[in-house]
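Read the structure below first, then the notes.
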Amino acid sequence: MDNFKEIFVAYGVDYDATLRRFAGNMALYLRVLGMLPNDKSLEKLGAAIDRGDLDSAFEAAHTLKGVAGNLGLTPLFEAVHTIVEPLRAREERSDYVELYTAVQAEYQNAEAFADGCQSLMEEKARNG
């Protein structure tokens, strides 16, 4: 099995569907995946929740959900989905902080996935 495929499957990414989205170009996928830490949606989501600003929280969560979906980061997508839907409805809830904490934890897992992919790419480049 391709080492990349093993990393994808271990994190919960649909390898084939995700690569199709990037025309089978692993280098392009990894370049876009490497931009994940530059996206400030997670920070904006946390700040909006702290302020009780459901409109801004929804916008940030919706953006993060789109990023996760486009990158095939299914576990992160699902974690964000649990907070997006009540925010979309502007539901007044007491568990937004807990939902955000779950999103943060999954975001860290996604970053670890990205780091693993980058390390494998670098290893392959060194070994030809």
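Scanning both residues, A57 and L45, for their nearest heavy atoms gives O-CD1, 3.4 Å. Between I83 and Y100, the shortest heavy-atom distance links the atoms CD1-N, 3.9 Å. Considering every non-hydrogen atom in both S56 and R51, the closest pair reads CB-NH2, 3.8 Å. Across every non-hydrogen atom of A79 and A102, the tightest pair is CB-O, 4.4 Å. M121 and A27 get closest at one heavy-atom pair: CE-CA, 3.8 Å. Looking at every heavy atom in both residues, P75 comes nearest to G12 through CD-O, 3.8 Å.
Rounding to the nearest 0.5 Å gives a distance of 4.5 Å between CZ of R90 and CG of D55. Note that CE of M35 is 10.0 Å distant from CG of L33, once rounded to the nearest 0.5 Å. We find the CG-CZ distance between N70 and F77 to be 9.5 Å, quoted to the nearest 0.5 Å. For the atom pair CE (M26) and OG1 (T18), the distance works out to 9.0 Å, reported to the nearest 0.5 Å. A distance of 8.0 Å separates CD1 of I49 from OH of Y96, quoted to the nearest 0.5 Å. Atom CG in L19 sits 9.5 Å away from atom CZ in F4 (nearest 0.5 Å).
Between T63 and K44 there is no side-chain heavy-atom pair separated by less than 4.5 Å. Residues F113 and L76 are not in side-chain contact: their nearest non-hydrogen atoms beyond the backbone lie 4.5 Å or more apart. Y15 has its side chain out of reach of I7: every pair of non-hydrogen atoms, C-beta onward, lies at least 4.5 Å apart.
Scored by the salt bridge (Lys or Arg N to Asp or Glu O under 4.0 Å) test, R88 finds E85 as partners (sequence neighbours excluded). By the side chain to side chain contact (heavy atoms under 4.5 Å, CB included) test, T74 pairs with E78, sequence neighbours left out.
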Legend entry - Evaluation steps, side chain to side chain contact (heavy atoms under 4.5 Å, CB included), between E91 and L54: CA-CA 8 Å; E91 291 178 18; L54 299 183; over 6 Å; no
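Note on L64 and V97: same hydrophobic cluster, where clusters join Ile, Leu, Val, Met, Phe, Trp and Tyr whose side-chain heavy atoms are under 4.5 Å apart, directly or indirectly. Linking ILVMFWY residues whenever their side-chain heavy atoms come closer than 4.5 Å, directly or via other members, places V80 and L36 in the same cluster.
For residues 16-57, the ring pair (Phe, Tyr, Trp, His ring centres under 6.0 Å) pairs, not counting sequence neighbours, are F8-Y29, F22-Y29.
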